[in-house]
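What follows is a single structure, written as structure tokens, with notes after it.
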Amino acid sequence: MPLRVYNTLTRQKEEFQTVEPGKVRMYVCGPTVYKPSHIGHMVGPVIFDTVKRFLTYLGYQVTWVVNITDVDDKLIVRARELGTTVKELAERMTADYLDCLKKLNVTGIDYMPRATEHIPEMIEIMRGLIAKGHAYASGGDVYFDVTSDPDYGKLCNRDPDQLEAGARIEVSDKKRNPGDFALWKASRPGEPSWDSPWGPGRPGWHIECSAMSMKLLGQTLDIHGGGLDLQFPHHENELAQSESYTGQPFVRYWMHNGLLKMGQTKMAGSIGNVVNIADLLEKHSAETVRLLLLSTHYRSPIEYSDERLAEVGRSLGHFYRFFERYQRICGRSFYELAAPTRHAPFDTGSPPSAFLNEVSRLRSTFLDCLSDDFNTGGAIGALYELLTALNRFADARQLEEPARREDAVAEFERGVRVLRELSSLLGLFHQPPESGGGDALVNQLMQLLIDLRAEARKAKNYAMADQIRQRLGQLGIILEDRPGGTGWRRG
RNA sequence: GGCCCCUUCGCCAAGUGGUAAGGCAACUGAUUGCAAAUCAGUCAUACCCCGGUUCGAAUCCGGGAGGGGCCUCCA
């Protein structure tokens, strides 16, 4: 099934065609680093990380850029509040952001350019825009003239004349039109500033993305992503200034992810209803968060709640228990299995077994879902079905019994490798969950209790055996009696 | 006021013209000394409402109701 991507510009799914065959240039708007990251900041990175994984799997060479906005009004205000410099604050919050990305297994970002390191490139673009009559200097500022671009508003269906009617636009007598936006802002005393042909100042919000994407990826991007809330004005303005400057199409596919909601309204720093990643990860694993973000289609909003996270955590438990089962059956850790990095047809063997046919079918379903505008929710459904099929096979062929057949184990192994392959595309299960077992002493003590209980059961002293299990239960430990002996886990 | 989008089982959620995936919860059975885990089965005659198009619609069109996003910084 060919890959299809929903394009905000055309409001429909389109077959994916890159500018240069085999290569994908992807740019996603990153954070303004003035506060610790909240979960909303992770929606885009997790989604586009998955997009990159899948594109790479399909054979594309993907270059992914996420910018860091390290100069801005909010940074200036916040640094002043904290009695520190913009630079120091930006560095600290960038480190926090990177840490969050790492925890959520977002590994695919190739470049993270800083706005402050690309001032000359921005100045170059502004010069060009002024020369072409698309921008003008005014009182130390530089503005983009929206009336100079007949296409202005095409991304969001905005008419510049109607913008005039909106009373919320900042009125400034430096602007020619109310919809004009600042490319460059003259700096006030005490603010970070850079020299420019128009005097000391700092960049406006939108120009950095044009400058950095152009520098690192060229004039036409294959994918430009970001939150739905960035469509206007940010992406509209980026689009206008970039195309006015280069005369080339700026982006082939605009992809916008839905926003995370707290109750009925979106989570946002400006509203103040944010949940920091650091706080969140004390209650729920990073993998739970990642799965939550991927379980809904990326264009839909996701409602954040503790209950929802707990629910996702419970469903993850099925996978974790299966991985332990796999370890028991095959004597190998699931996490150490190598996942194929490129797509290849699945060989069901000959004659194909019913089991491997089922595995193959589910693999196709999974891949078809991702090919249809990165439908991770549908793909995850197939992943659960695959899990059930694997457990069913292990049950039916009694793979945990000593008398099992080795050819059945080999067949099972092939099915498990598909689970490894597919879950890797979602960035799941790259390492064992944090709170699996215990330290060496705990393991020894648990073995002692399990042995004592086994003796009690052997002597048919079920009252004692059940008491041991029940009291462990009160400590949050669940015992599982299996064919090969008793195992335990934290509930 | 303008521009987008959404509404599917108790909850989450996939599905974009061919007769409703999956997860959580619940219930029943197999298994177990009893549990846990796993498996099996049950769980939406039905997709916000009303019209229309069609042999056929959750899926397309029109209208209505409810909810959300953007038009100001926001991932």
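Heavy-atom basis, side chains included; hydrogens, waters and symmetry copies ignored. The shown structure was predicted, so the numbers you read here are calculated from the model rather than taken from an experiment.
When the C1' atom is used for both A75(B) and C70(B), the distance is 14 Å, rounded to whole Å. Taking the P atoms as reference points, U28(B) lies 42 Å from G66(B), given to the whole Å. Nucleotides C5(B) and C11(B), compared at atom C1', are 23 Å apart to the nearest Å. Here, A46(B) and G10(B) have their P atoms 12 Å apart, quoted to the whole Å. A distance of about 14 Å separates the C1' atoms of A21(B) and C12(B), rounded to the whole Å. When the P atom is used for both U42(B) and C48(B), the distance is 25 Å, rounded to whole Å. Nucleotides A57(B) and C49(B) are separated by 16 Å at their C1' atoms, to the nearest Å. The C1' atoms of C71(B) and G64(B) are separated by 26 Å, rounded to the nearest whole Å.
In this structure, G51(B) forms a base pair with C61(B), meeting either the Watson-Crick or the G-U wobble geometry with both donor-acceptor distances under 3.5 Å. Base pairing annotation: G66(B) forms a Watson-Crick or G-U wobble pair with C6(B), both donor-acceptor distances under 3.5 Å. Pairing for G33(B) is absent, with no Watson-Crick or G-U wobble pair whose two atom distances lie under 3.5 Å. Partner assigned to G56(B) is none, using Watson-Crick or G-U wobble distances below 3.5 angstrom. In this entry U45(B) has no Watson-Crick or G-U wobble partner, no candidate having both defining distances under 3.5 Å. In this structure, A25(B) forms no base pair with any nucleotide, since neither Watson-Crick nor G-U wobble geometry is met with both distances under 3.5 Å.
Between G69(B), U38(B), A37(B), one nucleotide has an atom nearer to the side chain of Thr265(A) than all others, and that is G69(B). Taking only side-chain atoms of Arg158(A), from C-beta outward, the nucleotide of A75(B), C3(B), C5(B) with the closest atom is C3(B). Taking every side-chain heavy atom of Asn391(A) into account, U38(B) is the closest of C71(B), U38(B), A75(B).
Both tests do not hold together for Lys13(A) against Tyr6(A): distance to the six-membered ring centre under 6.0 Å, angle to the ring axis within 45°. In this structure, Arg158(A) is positioned above the aromatic face of Phe232(A), its NZ or CZ under 6.0 Å from the six-membered ring centre and within 45° of the axis.
Within residues 91-104 of chain A, no residue has any heavy atom closer than 4.0 Å to RNA chain B.
Taking the six-membered ring for Trp and thresholds of 30 and 60 degrees, Tyr384(A) and Phe319(A) have ring planes inclined between 30 and 60 degrees apart. Ring-plane geometry between Phe334(A) and Tyr326(A) is classed as perpendicular, the angle between the planes exceeding 60 degrees on a 0 to 90 degree scale with a lower cut at 30.
Between Asp229(A) atom CG and A75(B) atom P there is a gap of 7 Å when expressed in whole angstrom units. The separation between Leu316(A) atom CG and C24(B) atom C1' is 12 Å, rounded to whole Å. Spacing between atom CG of Leu387(A) and atom P of U38(B) amounts to 8 Å, rounded to whole angstrom units. Atom P of nucleotide A21(B) and atom CG of Leu367(A) are separated by 21 Å, given to the nearest angstrom. Atom P of nucleotide A75(B) and atom NZ of Lys266(A) are separated by 8 Å, given to the nearest angstrom.
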Indicate for each nucleotide in nucleotides 27-33 of chain B, in 5' to 3' sequence, whether protein heavy atoms under 4.0 Å reach the base (B), only the sugar-phosphate (S), or nothing (-). ------B
Base versus backbone protein contacts along nucleotides 7-17 of chain B [heavy-atom cut-off under 4.0 Å; B, S, -]: -----SSSSB-
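When only modelled atom types and interatomic distance are considered, Gln327(A) and Ser333(A) share no side-chain donor-acceptor pair under 3.5 Å. Looking at Gln447(A) and Asp451(A), their side chains do bring a donor and an acceptor atom within 3.5 Å of each other. With hydrogens and angles left out, the side-chain atoms of Arg53(A) and Thr107(A) include a donor and acceptor closer than 3.5 Å. Remark: the Asp180(A) side chain and the Asn177(A) side chain contain an N/O donor-acceptor pair separated by less than 3.5 Å. Looking at Thr69(A) and Asn67(A), their side chains do bring a donor and an acceptor atom within 3.5 Å of each other.
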Evaluate the criterion salt bridge (Lys or Arg N to Asp or Glu O under 4.0 Å) for residue pair Asp466(A) and Arg469(A); output intermediate values, then yes/no. CA-CA 5 Å; Asp466(A) 289 348; Arg469(A) 186 173 63 200; 3.6 Å; yes
Evaluation steps, side-chain contact (heavy atoms from CB on, under 4.5 Å), between Val65(A) and Met112(A): CA-CA 6 Å; Val65(A) 176; Met112(A) 297 190 86; over 6 Å; no
side-chain contact (heavy atoms from CB on, under 4.5 Å) evaluation trace for Phe366(A) with Leu386(A): CA-CA 10 Å; Phe366(A) 181 101; Leu386(A) 177 58; over 6 Å; no
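In terms of the side-chain contact (heavy atoms from CB on, under 4.5 Å) criterion, residue partners of Arg321(A) (sequence neighbours excluded) are, by chain and number, His318(A), Glu480(A), Arg489(A). Applying the side-chain contact (heavy atoms from CB on, under 4.5 Å) test to Asp229(A) and every residue at least two apart in sequence or in another chain returns Leu259(A), Lys266(A).
Proximity of a side-chain donor or acceptor of Thr288(A) to a complementary backbone N or O of His284(A) within less than 3.5 Å is not detected. With hydrogens and angles ignored, the 3.5 Å screen pairs no side-chain donor or acceptor of Asp70(A) with any backbone N or O of Ala90(A).
Across all strands shown, Gly473(A) has no heavy atoms under 4.0 Å from either base or sugar-phosphate atoms.
Of the side-chain N and O atoms in Lys261(A), none sit less than 4.0 angstrom from OP1 or OP2 of G67(B). Contact annotation: Asn157(A) reaches the phosphate of C4(B) (side-chain N/O to OP1 or OP2, under 4.0 Å). OP1 or OP2 of U38(B) has at least one side-chain nitrogen or oxygen of Arg321(A) nearer than 4.0 Å.
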Could you pull out the protein-nucleic contacts involving nucleotides 40-42 of chain B (nitrogen or oxygen on both sides, under 3.5 Å)?
{"residue": "A40(B)", "atom": "OP1", "partner": "Arg392(A)", "partner atom": "NE", "Å": "2.6"}
{"residue": "A40(B)", "atom": "OP1", "partner": "Arg392(A)", "partner atom": "NH2", "Å": "2.7"}

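Projected onto RNA chain B by closest heavy-atom contact, Ile478(A) and Cys29(A) fall at different nucleotides, the more 5' of which corresponds to Ile478(A).
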